[in-house]
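Read the structure below first, then the notes.
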Amino acid sequence: MSKKNIYYAALIGTGRIGYSLGLDKKREQPASHSMALNANRRINLVAGCDINAENLEQWHRANKKAESFSSVENLLKSRNFDIITIAVNENAHLETALAAISAKPRLIILEKPVALNMKQGLQIKKAAEKNNVPILVNHERRFSKDYQKVFSLIETIGHLQSIHASLYSGLRVYSKKEEKTGAYSLIHDGTHLVDIVRFLLGDIVFEKPHVFGVYRSEDGAVRNASAQYHTSDNISVVFDFSGRSRFFGFEIILTGTEGRISIGNGLAKVEYSRPSKLYTNFYSLTEDKIRFGKKTGYFSNMIKNAVDFLDGNDSLGSTIETGLAALKMLEDIKKRL
Ligand SMILES: NC(=O)c1ccc[n+]([C@@H]2O[C@H](COP(=O)([O-])OP(=O)(O)OC[C@H]3O[C@@H](n4cnc5c(N)ncnc54)[C@H](O)[C@@H]3O)[C@@H](O)[C@H]2O)c1
């Protein structure tokens with residue numbers, strides 16, 4: 001492989017998604033940017049940056065050949081990069097993205113959500129367009145084989161009637177007090193939920209949610225909320241957000257006129273209408289033996305998409321536009337809480 005085929009990358013933010021989730025033995029690996037960038041033979045991860053000395057040192061110990069920087073400014077002064085990955089906390093997306101854009105890499109990989117709010121997100125988009133810097137937003141399920149398979153199977157369940165998408169966690173769904181930190185599930189994991197439903201429906205625009213089932217705890221934080229949309233194809237789409245569950249759950253159930261698909265974390269099932277085993281002359285849903293495979297490639301495929309894009313062989317599978325469309329939906333829901 002000739003040297004010009006290698007893309008030089010920098011990682012900003014060496015925390016969980018930047019580095020340490022890649023050490024989790026239960027997760028499908030690679031599960032962090034550092035591990036995924038290193039696993040791709042076309043990429044050379046040459047620098048890392050973090051303002052947290054401990055996180056930076058831990059990362060550097062595992063990436064000894066790369067340079068480490070304690071400030072974004074010094075990192076960006078050090079050399080040109082083909083790829084800059086931004087995996088800092090939500091409240092630092094705007095300033096980090098603007099700095100990275102001004103260094104004009106050939107591609108930025110930006111962690112979700114794009115920013116804390118639409119105002120900031122649009123600032124990032126404007127700067128990226130002005131400087132001609134493409135942005136790949138890491139809504140990773142778009143690159144995951146199981147969700148891609150579901151996308152191709154939707155037509156087999158007849159006319160879609162409804163989608164029920166749920167997110168369960170112990171993190172508050174929303175609190176005005178956390179606007180500046182982004183520490184609430186509507187934005188934190190809710191962005192994945194609305195983004196992947198958009199992906200499954202071909203990136204249609206969702207407008208005017210009907211928000212209901214809002215429950216607040218004594219501190220005023222929203223702990224439960226649901227939002228319903230009615231698409232122009234007559235599909236009822238309901239999102240349920242729970243912030244008082246002692247488990248993490250992420251699931252989407254698509255019901256068609258001929259069957260049902262369930263997909264989510266630890267969930268992949270397809271059922272079709274078949275002569276019922278329960279009642280004579282009735283049809284019931286019966287599970288089909290469709291194989292989803294164990295490896296989804298959710299992270300490595302995202303990185304492959306970055307390389308294919310830089311090679312000029314593919315378009316980005318998750319863009320600043322799709323990232324902002326998800327953020328806009330969450331903001332629309334937030335306004336109605
Ligand atoms: N795609 C996913 O599935 C997924 C999973 C987890 C987190 N995330 C997202 O990734 C981002 C980081 O989350 P995390 O869980 O890794 O958080 P984290 O706190 O574990 O790591 C963030 C790191 O960024 C560093 N940082 C913050 N501001 C910085 C700055 N200005 N310059 C340099 N470094 C800075 C912090 O010191 C920390 O080490 C968030 O946007 C989060 O929503 C995405």
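When a ligand or atom number is given, it counts from 1 through the structure's own listing order. Quick note: numbers below take in every heavy atom, side chains included, and nothing from hydrogens, waters or symmetry partners.
No side-chain N or O of His159 forms a donor-acceptor pair with one of Glu258 less than 3.5 Å apart. For the residue pair His139/Thr191, the side-chain donor-acceptor check at 3.5 Å is satisfied. Under 3.5 Å, the side chains of Ser34 and Trp59 contain a donor-acceptor pair of N or O atoms. Under the 3.5 Å distance criterion, with hydrogens and angles disregarded, no donor-acceptor pair is assigned to the side chains of Tyr147 and Thr296.
At least one N or O atom of Ile17 sits closer than 3.5 Å to an N or O atom of ligand 1.
Note on ligand 1: His93 sits in its first shell, one or more heavy atoms being nearer than 4.0 Å.
Protein heavy atom closest to atom 44 (C) of ligand 1, with residue, atom name and distance, is Glu111 OE1, 3.0 Å. Among all protein heavy atoms, the one lying closest to atom 1 (N) of ligand 1 is Glu140 OE1, 2.7 Å. Nearest protein neighbour of atom 11 (C) of ligand 1, counting heavy atoms only, is Val88 O, 3.2 Å. Of the protein's non-hydrogen atoms, Asp50 OD2, 3.6 Å is the one closest to atom 23 (C) of ligand 1. Considering only non-hydrogen protein atoms, atom 34 (N) of ligand 1 sits nearest to Ile51 N, 3.5 Å. Scanning all protein heavy atoms for the shortest distance to atom 17 (O) of ligand 1 gives Asn89 ND2, 3.6 Å. Protein heavy atom at the shortest distance from atom 31 (N) of ligand 1 is Glu95 OE2, 3.8 Å. For atom 43 (O) of ligand 1, the nearest protein heavy atom (residue, atom name, distance) is Glu90 OE2, 2.7 Å.
Under the 6.0 Å distance and 45° angle rule, Arg141 does not count as a cation-pi partner of Phe199. Both tests pass for Arg244 against the ring of Tyr215: distance under 6.0 Å to the centre and angle within 45° of the axis.
The NE2 atom of His192 sits 12.0 Å away from atom CD1 of Ile187, with the distance rounded to the nearest 0.5 Å. Summarising the geometry, atom CD belonging to Gln228 is positioned 10.5 Å from atom CG belonging to Asp240; distances are rounded to the nearest 0.5 Å.
For ligand 1, the atoms sitting less than 4.0 Å from at least one non-hydrogen atom of Gly13 are 24 (O), numbered in the order shown with element in parentheses. Residue Val72 approaches ligand 1 through these ligand atoms, each under 4.0 Å from one of its heavy atoms: 32 (N). Residue contact check: Asn55 has heavy atoms under 4.0 Å from atoms 38 (C), 39 (O) of ligand 1. Less than 4.0 angstrom separates some heavy atom of Asn138 from each of these atoms of ligand 1: 1 (N). Ligand 1 places these atoms under 4.0 Å from at least one heavy atom of Gly15: 20 (O), 21 (O), 23 (C), 39 (O). The atoms of ligand 1 that sit less than 4.0 Å from any heavy atom of Asn52 are 37 (O). Against a heavy-atom cut-off of under 4.0 Å, Ala92 is close to the following atoms of ligand 1: 28 (N).
Between the Asn63 side chain and the Ala66 main chain, no donor and acceptor come within less than 3.5 Å of each other.
Within the 4.0 Å heavy-atom criterion, both parts of Arg16, backbone and side chain, lie near ligand 1. Contacts between Lys112 and ligand 1 below 4.0 angstrom, taking non-hydrogen atoms only, involve backbone and side chain alike. Residue contacts with ligand 1 for Ser71 are absent, since no atom lies close enough (heavy atoms, distance under 4.0 Å).
Between Asp203 and Arg142 there is a salt bridge, since a side-chain N of the basic residue sits under 4.0 Å from a carboxylate O of the acidic one.
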Under the salt bridge (charged side-chain N to carboxylate O under 4.0 Å, His left out) rule, what do Asp311 and Arg42 come out as? Steps first, then yes or no, please.
CA-CA 10 Å; Asp311 285 347; Arg42 297 288 308 285; 2.9 Å; yes
Does the pair Ile303 and Phe143 meet the rule for a side chain to side chain contact (heavy atoms under 4.5 Å, CB included), with working shown? CA-CA 9 Å; Ile303 297 294; Phe143 303 97; over 6 Å; no
